[in-house]
Amino acid sequence: MHDYFPNERNDPNYMSTTPYYRRIDLPAGDLHVFAADDLFHAMGAKVLEMANNNLQIPNIRYMSYTPDAHVGVGTCIGTTAVWGAGDGFVSPSIVGSDIGCGMRVHLTNLDAADLRDVKVRRKLVKAIEKRIPVENHARGFFSDIRLDDVLRKGLHGLPNKYVPDGYTPRKATSLTHVECSRFRYEEDALNRIPEPLWHRAHRQLGTLGGGNHFIEIQALETDEANRGIAERWGLRDGQVAVMIHSGSRAWGGAVNQYSGSEVAKTMHRLGLGTGDPKLAFAPLGSDAGRTYTALMKSALNFAVANRHLMAYAVRDAFKEVFGTQAELRTLYDLMHNYAGEESHGGEELFVHRKGTTKALPAGHPDNPEPYRETGHPALIPGSMGTSSYLMVGAEGGGRNYHSICHGAGRVRSRNATKQLVKVDEFASSLRIGQEDEIVVNHKGLEAILDESPQAYKDVDRIIDSVVGAGLAGVVAKCRPLAAIKGV
DNA sequence: ATGTCC
């Protein structure tokens, strides 16, 4: 693979059309990159090599990177890849290993001033920790819920007691804001997953998981560019919000394991392959493709229900600390690792998002009804100690199938970060020991050193690129006050 | 990401 970072003037294949967008003619097809120049050049040649392999999958219509793109297994995190629904392919590699990984945001009726005392933040973190296990082999507190119901019906499979605002599919309340509270699929595929994995997944309901997953208590800062939308969404400056970042836990892993071998067999039988043996894909209409797609959707149901259950536990923790008048209203739940059928420009397509977030603009018919006029919230996490963002799609996002970034994007590996970053540096970036410290549920930070902000790009610059490219706008910045992390 | 090698 030759160098794809040539001098722009010397290479006729290198096209730059705007400061935040370029189309790159790779040997296997076109790659669209939405990023400021320096962020693009920082991505590295491996990122483009991976795109070239992904573009070798037959019938691909479109592939792009967001500014937070970085190397992943088979496919970069930060990829949007589109096929036609009729002659399309599905790729477990372009969905990613943590199927249904995504974000959920709840709005409270509290103000940042209510959490100014560091002791209050500590009390809240402890109260959350008590209800949401984060340790290795963690077991959740929701054994009364049937896993089968969750996998088949998503949020609609939860008992009423876990839906505090009285949501039922017939009764429109705040939960109708939630993106795809139920994914439908060919349920026979569930039989592929062996019994022990069902038990494991059942035990994990209501647990956070490790890596970049987190629960954060944040203070909102609305952006003047979209203050009208902020008001319509019920946001106000200084308002305390809860952000949850988690995925489908071991269930998603089981889906990858048990449908992955069938996908590999299908590729072999059909003589399919690319430059990367780890890049897995199958025709949408093949048995393997259908099985994977069905099981993937079961994992999406698991992920959205799991985030919902954690929010239920957090709501309970808030009531313990702040009294029964404390509220946690659902703003939105939106994943950034998935694939599914979507209609764009009147065409039925199959869209993959791996570490990219859908952000529909105002008026788009696919917005849930309560967000039809404003566009739905696009939930973007920052790294530890840095702000997260509530975004809204812009009209111009249509040229990227309404996909934006999914966060800061890793800039160095977990191992490299542990070598490079010192615990003291991490602690000072969280202002540990100061009155305004970001309270974390770990006594020592060694266990989560690989999550220090030094491991990530600057999320503010990622957001600048997304806004600069005309894909989305900022509605509010979410400043962290406290964080719960797994290991 | 993941019961990260039952």
Side-chain angles (χ1 to χ4, degrees), chain A residues 50 68-79 91-104 132-143 147 151 193-215 244-261 278-280 292 295-296 298-307 310 334-339 352-357 381 383-384 406-418 446-452 455-456 484-487:
Chain A
M50 293 199 109
D68 49 339
H70 60 98
V71 170
V73 178
T75 301
C76 288
I77 290 96
T79 295
S91 168
S93 308
I94 317 186
V95 170
S97 52
D98 190 5
I99 300 166
C101 184
M103 311 303 302
R104 167 175 278 250
I132 303 179
V134 299
E135 72 280 1
N136 223 348
H137 295 208
R139 292 183 176 209
F141 296 119
F142 297 96
S143 53
L147 177 64
L151 295 174
I193 309 293
E195 196 70 14
L197 277 305
W198 284 70
H199 290 304
R200 184 178 301 174
H202 188 232
R203 285 200 296 268
Q204 281 186 332
L205 275 172
T207 64
L208 178 62
N212 58 2
H213 292 167
F214 65 75
I215 297 168
I244 298 173
H245 183 186
S246 187
S248 54
R249 312 288 284 108
W251 182 261
V255 167
N256 282 321
Q257 188 180 337
Y258 288 94
S259 52
S261 58
K278 284 189 174 158
L279 180 50
Y292 170 75
L295 289 174
M296 173 193 65
S298 79
L300 301 182
N301 281 339
F302 184 98
V304 70
N306 195 41
R307 286 190 291 271
M310 284 189 276
L334 184 60
M335 65 232 155
H336 47 235
N337 281 4
Y338 69 105
H352 295 67
R353 295 193 176 87
K354 181 180 189 179
T356 52
T357 307
S383 52
M384 277 192 84
H406 92 301
R410 195 161 267 281
V411 74
R412 53 178 59 91
S413 72
R414 295 191 179 278
N415 280 332
T417 307
K418 284 176 188 163
E446 287 87 353
I448 52 170
L449 194 56
D450 50 358
E451 279 296 305
S452 82
Y456 290 91
I484 288 89
K485 294 280 291 182
V487 282

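A note on names: the letters A, B, ... follow the listed sequences, proteins ahead of strands, and every chain is numbered from 1.
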Contact summary for A:M50 and A:V71, nearest pair of heavy atoms: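 Shortest heavy-atom contact: SD-CG1, 3.9 Å.
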Shortest non-hydrogen contact between A:R410 and A:S413, atoms and distance: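 Answer, listing the atom of A:R410 first, then A:S413: NH1-C, 3.8 Å.
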Rounded to whole angstroms, how far apart are [atom1] on [X] and [atom2] on [N]?
X      : N     : atom1 : atom2 : value
A:L197 : B:dT4 : CG    : P     : 12 Å
A:L208 : B:dT4 : CG    : C1'   : 16 Å
A:R414 : B:dT2 : CZ    : P     : 9 Å
A:I193 : B:dT2 : CD1   : C1'   : 14 Å
A:E451 : B:dT4 : CD    : P     : 19 Å
A:N256 : B:dT4 : CG    : P     : 16 Å
A:Q204 : B:dT4 : CD    : P     : 11 Å
A:H137 : B:dT4 : NE2   : P     : 5 Å

Worked check of side-chain contact (heavy atoms from CB on, under 4.5 Å) between A:V487 and A:I448: CA-CA 6 Å; A:V487 282; A:I448 52 170; 4.2 Å; yes
Under 4.0 Å between any heavy atoms, over every strand shown, what does [X] touch: base, sugar-phosphate, or nothing? Just pick one.
X      : value
A:G253 : nothing
A:G252 : nothing
A:G96  : nothing

Most 5' of A:D98 and A:N136 on DNA chain B, judged by nearest nucleotide: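 Looking at DNA chain B, the more 5' nearest nucleotide goes with A:D98.
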Contact under 4.0 Å: A:H213 side-chain N or O vs B:dT2 OP1/OP2: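 It does, given that an N or O in the side chain of A:H213 lies less than 4.0 Å from OP1 or OP2 of B:dT2.
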Ring centroid separation A:H406 to A:H245 under 6.0 Å: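 Ring centres of A:H245 and A:H406 not closer than 6.0 Å.
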